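Predicted model only: the values in this text are computed from it and were never measured. Heavy atoms only: backbone and side chains are in, while hydrogens, waters and symmetry mates are out.
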Number of protein chains: 2
Amino acid sequence: MESEDLKKLGLKATAPRMKILSFLETSKVRHMSAEEVYKALLEAGEDIGLATVYRVLTQFEAAGLVSRHHFEGGNSVFEIESGKHHDHILCVKCGRVDEFVDETIESRQRKIADEKGYAMTDHALYIYGICSSCQKKS
Amino acid sequence: MESEDLKKLGLKATAPRMKILSFLETSKVRHMSAEEVYKALLEAGEDIGLATVYRVLTQFEAAGLVSRHHFEGGNSVFEIESGKHHDHILCVKCGRVDEFVDETIESRQRKIADEKGYAMTDHALYIYGICSSCQKKS
DNA sequence: TCACTAAATGCGAAAGATTCTCATTCTTCT
DNA sequence: AGAAGAATGAGAATCTTTCGCATTTAGTGA
Ligand SMILES: [Mn+2]
Ligand SMILES: [Mn+2]
Ligand SMILES: [Zn+2]
Ligand SMILES: [Zn+2]
């Protein structure tokens with residue numbers, strides 16, 4: 001019963017929230033815009049408004065259930081929180097997204113924040129390029 | 001005569017372009033949104049439309065004269081190209097922006113792209129935190 | 001210097017993403 | 001089951017950026 005999970009976070013276990021959460025947990029695609037989540041739920045026969053999708057994703061973000069990314073291209077992209085921090089490398093041709101962790105980069109970032117006198121709260125690293133399969137095509 | 005600079009880039013030396021370019025070159029603030037550039041020019045008595053500011057900044061970006069960043073908060077931020085690649089660390093309280101270069105991070109990024117099979121085209125690294133002066137206030 | 005042509009500009013309309021408003025519908029608690 | 005407050009859905013509103021088009025301007029050659 002995952003409705004308890006939501007309650008622990010101070011969120012009422014409403015149908016839209018449960019549907020969105022379980023959709024994110026089971027989707028094969030990890031990184032999705034609010035619009036994509038909305039459309040996927042529509043096609044699955046769920047009747048949840050776009051505004052609700054935005055609201056719920058924002059609440060989930062505040063609760064630490066999902067994280068939000070600002071990839072190039074304007075709109076926010078969400079993914080269910082895996083617990084492990086990671087950064088992203090994206091294909092500018094096909095939109096493919098891969099994840100990576102690099103402890104050297106992480107510690108360098110902490111060092112830079114320190115040197116500049118900042119108390120670091122967050123960071124975002126996006127590498128853009130052409131993935132191997134798109135390289136073959138061109 | 002900087003109008004020659006624009007012509008070399010294949011851009012007609014129009015009044016709006018010259019005004020925007022010299023404003024960017026002389027502004028004490030390095031990182032500005034299109035709206036901010038537009039308003040600053042208005043206050044300086046220049047009569048340039050917002051659409052033109054957007055168009056010109058986009059053209060300057062294509063010509064390599066300015067670079068565009070997507071800091072958190074939705075809108076694009078522009079800065080005049082300094083020639084030296086650098087990344088950014090931003091204060092989430094006051095909006096202050098500092099720049100840095102870290103060759104270790106740069107080479108690690110190239111390595112990651114390589115390992116993942118990507119032909120890297122670009123990358124963006126943003127560190128967010130609270131700057132020293134904002135830390136004192138709270 | 002003058003005139004021509006293509007390119008650039010300004011304005012308002014339009015588009016895309018996200019948030020807001022508010023009447024209606026649920027959840028939770030008793 | 002009933003009450004009170006929170007959440008939802010639909011569309012309006014907002015914000016940023018781009019478009020469309022009539023008008024102006026820069027660049028070129030006579
Ligand atoms: Mn991810
Ligand atoms: Mn910069
Ligand atoms: Zn690709
Ligand atoms: Zn600050």
Side-chain angles (χ1 to χ4, degrees), chain A residues 1-23 31-42 44-63 65-78 95, chain B residues 1-23 31-42 44-63 65-78 95:
Chain A
M1 183 69 79
E2 73 194 348
S3 71
E4 300 308 317
D5 298 341
L6 290 176
K7 288 186 191 164
K8 278 176 200 153
L9 296 166
L11 297 170
K12 279 189 183 177
T14 64
R17 283 176 183 157
M18 309 258 284
K19 301 274 181 52
I20 292 171
L21 180 53
S22 76
F23 170 71
H31 306 88
M32 282 174 291
S33 67
E35 184 87 33
E36 287 168 335
V37 171
Y38 168 71
K39 283 183 180 156
L41 288 168
L42 262 196
E46 309 297 349
D47 208 355
I48 301 178
L50 178 57
T52 298
V53 172
Y54 272 104
R55 272 186 300 237
V56 169
L57 288 174
T58 299
Q59 292 157 350
F60 283 2
E61 182 191 18
L65 279 178
V66 310
S67 52
R68 180 196 305 248
H69 307 293
H70 302 279
F71 298 157
E72 275 194 32
N75 53 357
S76 294
V77 171
F78 301 84
Chain B
M1 184 70 77
E2 75 195 346
S3 71
E4 300 309 315
D5 299 341
L6 290 175
K7 289 185 190 163
K8 277 177 201 152
L9 296 167
L11 296 171
K12 277 191 184 176
T14 64
R17 283 177 184 156
M18 309 257 284
K19 302 272 180 51
I20 292 171
L21 181 53
S22 74
F23 170 71
H31 307 88
M32 282 173 292
S33 68
E35 185 87 32
E36 288 169 334
V37 171
Y38 168 71
K39 282 184 180 157
L41 288 169
L42 261 197
E46 309 296 350
D47 208 356
I48 301 178
L50 178 57
T52 297
V53 173
Y54 272 104
R55 273 186 299 236
V56 168
L57 288 173
T58 300
Q59 292 157 350
F60 283 3
E61 182 191 19
L65 280 177
V66 310
S67 52
R68 179 196 304 248
H69 307 293
H70 302 279
F71 298 157
E72 275 193 35
N75 52 358
S76 294
V77 172
F78 301 84

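Under 4.0 angstrom from either OP1 or OP2 of dT17(D) there lies at least one side-chain N or O belonging to Ser76(B). For Thr52(A) and dA7(D), the shortest distance from a side-chain N or O to OP1 or OP2 is not below 4.0 Å.
Helix-axis bend for the helix from dT1(C)-dA30(D) to dT30(C)-dA1(D): the local axis fitted to the five terminal pairs at one end deviates from that at the other end by 30°, rounded to 10°.
As judged by a 4.0 angstrom heavy-atom cut-off over every strand, Ala13(A) is placed among residues touching the sugar-phosphate backbone only.
Of the residues near DNA chain C, Gly10(B) and Ala51(B), the one whose nearest nucleotide (by heavy atom distance) lies more toward the 5' end is Gly10(B). Mapping Ser33(B) and Lys7(B) onto DNA chain D by nearest heavy atom places Ser33(B) at the nucleotide closer to the 5' end.
One atom, CG of Leu6(A), and another, P of dT28(C), lie 10 Å apart when rounded to the nearest Å. Nucleotide dA17(C) holds its P atom 14 Å from the OH atom of Tyr38(A), rounded to whole Å. A straight line from CD of Glu72(A) to P of dT17(D) spans 13 Å, rounded to a whole angstrom. dT17(D) atom C1' lies 14 Å from atom CG of Asn75(A), rounded to whole Å. Going from atom NE2 of His70(A) over to atom P of dA17(C) covers 15 Å, rounded to whole Å. One atom, CG of Leu50(B), and another, C1' of dA8(C), lie 16 Å apart when rounded to the nearest Å. Between the CD atom of Glu35(B) and the P atom of dT18(D) there is a distance of 13 Å, rounded to whole Å. Atoms CD (Glu46(A)) and C1' (dT8(D)) sit 14 Å apart, rounded to a whole Å.
Here dT9(C) is the nucleotide among dT9(C), dT21(C), dT19(C) with the atom lying nearest to any side-chain atom of Arg55(B). Considering only the side chain of Lys12(A), dT28(C) comes nearest among dA26(D), dT8(D), dT28(C). The side chain of Thr58(A) sits closest to dT19(C) out of dT19(C), dA7(D), dA26(D). Comparing dT17(D), dA6(C), dC11(C) against the side chain of Tyr54(B) picks out dT17(D) as the nearest.
Interatomic distance, Asp5(A) CG to Leu65(A) CG, rounded to the nearest 0.5 Å: 8.0 Å. To the nearest 0.5 Å, atoms CD1 (Ile20(A)) and CD (Glu46(A)) are separated by 10.0 Å. Note: Arg17(A) CZ to Ile48(A) CD1 = 11.5 Å, rounded to the nearest 0.5 Å. In this structure, Glu72(B) CD and His70(A) NE2 are separated by 4.0 Å, a value rounded to the nearest 0.5 Å.
No side-chain donor-acceptor contact under 3.5 Å links Arg68(A) to the backbone of Ser76(A).
Residues Arg55(A) and Thr58(A) have side chains that never bring a donor and an acceptor to within less than 3.5 angstrom of each other.
Heavy atoms only, all atoms of each residue included: Thr52(A) and Pro16(A) are closest at CG2-CB, 4.0 Å.
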